[in-house]
There are 2 protein chains.
Amino acid sequence: MSTAADFRQMLRGAALRVTRPRLAVLEAVRAHPHADTESIIGAVREDLPKVSHQAVYDSLRTLTAAGLVRKIQPAGFVARYESRVGDNHHHVVCRSCGSIADADCAVGEAPCLTASDDRGFTIDEAEVVYWGLCPGCSTNENS
Amino acid sequence: MSTAADFRQMLRGAALRVTRPRLAVLEAVRAHPHADTESIIGAVREDLPKVSHQAVYDSLRTLTAAGLVRKIQPAGFVARYESRVGDNHHHVVCRSCGSIADADCAVGEAPCLTASDDRGFTIDEAEVVYWGLCPGCSTNENS
DNA sequence: TTCCTTATCTTGACTCGTTCCAGAAAATGA
DNA sequence: TCATTTTCTGGAACGAGTCAAGATAAGGAA
């Protein structure tokens with residue numbers, strides 16, 4: 001369970017200034033995993049009603065670059081963010097509503113990280129997205 | 001090697017009307033793998049100078065829905081299309097310039113297709129994206 | 001504490017890929 | 001060929017995200 005003090009340390013550790021918007025964004029991302037930017041703006045404004053959307057966009061970009069949050073952007077959907085970082089987990093995405101759930105990799109640690117032929121690319125990450133229907137949409141589809 | 005006649009059959013087989021824009025789009029996607037929409041519009045207009053961008057967008061969407069072309073949309077980049085469908089291959093994407101190369105799966109057929117925990121989702125596809133730098137951008141980065 | 005420097009935030013306009021709309025045109029089946 | 005239905009044209013509109021300039025506040029030094 002992270003507290004405001006922890007968030008301060010995280011920011012300090014990343015050589016970032018500790019600002020109210022950033023603390024609020026960290027808190028919002030932790031409280032609402034897989035939330036899109038608009039939802040995060042809403043959550044942040046419960047604490048700081050006057051933050052500009054730009055401040056949230058900037059904070060998210062900065063925090064993502066610092067590795068404190070992770071940006072997820074499934075094809076055809078808007079960007080979403082999560083605070084679970086550094087454990088190389090993957091995601092299940094609903095084709096219908098875009099909802100996201102975490103999925104640990106089937107094969108264990110860093111599974112499909114090696115392409116059979118890298119075409120001369122310097123590969124630093126393998127991203128796996130499982131596409132399907134979430135329980136809710138799956139039910140509606142059948143009815 | 002596909003010809004116009006083949007394209008006609010493909011469209012017919014998918015119960016789609018055979019129109020000049022669609023034939024031109026199929027040809028353009030085959031000739032320019034991993035091209036974005038704007039490039040495809042350009043290529044199509046070499047054959048049909050007067051097609052509207054909307055016709056190309058519509059055609060691409062229809063053809064994608066019919067499974068005749070595949071849409072690729074790496075996070076942060078515009079949509080791209082390819083005509084290689086149905087073989088479950090993956091992609092290597094350059095973080096810097098967005099260029100894409102094909103990558104057959106390391107582990108063979110349908111590799112990471114099984115999540116350890118599907119969270120109740122009905123999964124129908126596993127998408128793997130390898131992120132890195134293409135040979136060109138990798139060189140510039142070092143200089 | 002106070003001041004200075006610099007990063008960050010506010011405000012508001014703007015970009016760009018993509019979609020929506022209504023009418024015109026063209027493809028298919030009878 | 002005609003009628004029906006789908007598709008295409010042209011242009012407006014949408015929305016997530018970005019850009020820019022000035023105001024503000026965080027962090028370090030005195």
Side-chain angles (χ1 to χ4, degrees), chain A residues 4-5 7-26 28-29 34-45 47-66 68-69 71-81 98, chain B residues 4-5 7-26 28 34-45 47-66 68-69 71-81 98 100:
Chain A
F7 291 147
R8 283 173 189 280
Q9 281 198 326
M10 290 165 63
L11 289 170
R12 281 272 161 64
L16 296 175
R17 290 194 178 178
V18 178
T19 67
R20 291 176 156 281
R22 284 177 180 170
L23 291 173
V25 167
L26 278 172
V29 171
H34 309 140
D36 59 25
T37 308
E38 194 177 12
S39 304
I40 292 172
I41 292 176
V44 168
R45 286 192 174 148
D47 285 340
L48 305 170
K50 300 183 67 174
V51 278
S52 62
H53 74 145
Q54 189 63 266
V56 177
Y57 271 101
D58 282 350
S59 298
L60 285 171
R61 185 167 23 177
T62 304
L63 295 174
T64 302
L68 298 183
V69 305
K71 183 178 186 176
I72 319 164
Q73 202 171 7
F77 294 99
V78 298
R80 291 158 176 276
Y81 295 86
Chain B
F7 291 146
R8 282 173 190 280
Q9 281 197 325
M10 289 166 62
L11 289 170
R12 281 272 158 66
L16 295 176
R17 291 196 175 176
V18 178
T19 67
R20 290 175 156 283
R22 285 178 180 171
L23 291 173
V25 167
L26 276 172
H34 309 139
D36 60 24
T37 309
E38 193 176 19
S39 304
I40 292 172
I41 292 176
V44 167
R45 285 190 175 151
D47 285 340
L48 305 170
K50 300 184 67 177
V51 277
S52 62
H53 73 148
Q54 189 61 11
V56 176
Y57 272 100
D58 283 349
S59 299
L60 285 171
R61 183 167 27 176
T62 305
L63 296 174
T64 302
L68 298 183
V69 306
K71 184 177 185 175
I72 318 164
Q73 204 171 4
F77 294 99
V78 298
R80 291 161 176 274
Y81 295 87
I100 295 179

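Residue numbers start from 1 in every chain, and the chains themselves are labelled A, B, ... in the order their sequence lines are given, proteins ahead of strands. Computed over heavy atoms, backbone and side chain alike; hydrogens, waters and symmetry mates excluded.
A 4.0 Å heavy-atom criterion places the boundary nucleotides of DNA chain C facing chain B at C:dG17 to C:dT28, written 5' to 3'.
Of the residues near DNA chain C, B:R61 and B:R8, the one whose nearest nucleotide (by heavy atom distance) lies more toward the 5' end is B:R61. Across the interface with DNA chain C, nearest-nucleotide mapping of B:R12 and B:T37 shows B:T37 to be the residue nearer the 5′ end.
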Close N/O contacts between protein and nucleotides 7-9 of chain D (under 3.5 Å):
{"from": "D:dT7", "atom 1": "OP1", "to": "B:R22", "atom 2": "NH1", "distance (Å)": "3.1"}
{"from": "D:dT7", "atom 1": "OP1", "to": "B:R22", "atom 2": "NH2", "distance (Å)": "2.7"}
{"from": "D:dT7", "atom 1": "O5'", "to": "B:R22", "atom 2": "NH2", "distance (Å)": "3.3"}
{"from": "D:dC8", "atom 1": "OP1", "to": "B:T19", "atom 2": "OG1", "distance (Å)": "2.8"}
{"from": "D:dT9", "atom 1": "OP1", "to": "B:K50", "atom 2": "O", "distance (Å)": "3.4"}
{"from": "D:dT9", "atom 1": "OP2", "to": "B:S52", "atom 2": "N", "distance (Å)": "2.9"}
{"from": "D:dT9", "atom 1": "OP2", "to": "B:S52", "atom 2": "OG", "distance (Å)": "2.6"}

Apply side-chain contact (heavy atoms from CB on, under 4.5 Å) to residues A:S39 and A:D36 and explain how you reach the verdict. CA-CA 5 Å; A:S39 304; A:D36 59 25; 2.7 Å; yes

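Shown here are the side chain to side chain contact (heavy atoms under 4.5 Å, CB included) partners of A:R45, two or more places apart in sequence or in another chain: A:I41, A:V51, A:H53. Legend: residues meeting side chain to side chain contact (heavy atoms under 4.5 Å, CB included) with A:R17, ordered by chain and number and at least two apart, are A:T19, A:R22. Under the side chain to side chain contact (heavy atoms under 4.5 Å, CB included) criterion, B:Q73 pairs with A:A75, B:K71, B:A79, sequence neighbours left out. In this structure, A:T64 has no side-chain hydrogen bond (donor to acceptor under 3.5 Å, both in side chains) partners at least two apart in sequence or on a different chain. Take A:R61 and apply the side-chain hydrogen bond (donor to acceptor under 3.5 Å, both in side chains) test, not counting sequence neighbours, and it matches A:D58. Not counting sequence neighbours, A:S52 has no partner by the side-chain hydrogen bond (donor to acceptor under 3.5 Å, both in side chains) test. Listed by chain and residue number, nothing satisfies the salt bridge (charged side-chain N to carboxylate O under 4.0 Å, His left out) test with B:D47 (two or more places apart in sequence, or in another chain). Looking at residues two or more places apart in sequence or on another chain, you find no ring pair (Phe, Tyr, Trp, His ring centres under 6.0 Å) involving A:F77.
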Under 3.5 Å, sequence neighbours excluded: what are the donor-acceptor pairs made by side chains of residues 7-14 of chain A?
none

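Rounded to 10°, the angle separating the first-five-pair axis and the last-five-pair axis of the helix from C:dT1-D:dA30 to C:dA30-D:dT1 equals 40°.
Atom OH in A:Y57 sits roughly 4 Å away from atom P in D:dG17 (whole-Å rounding).
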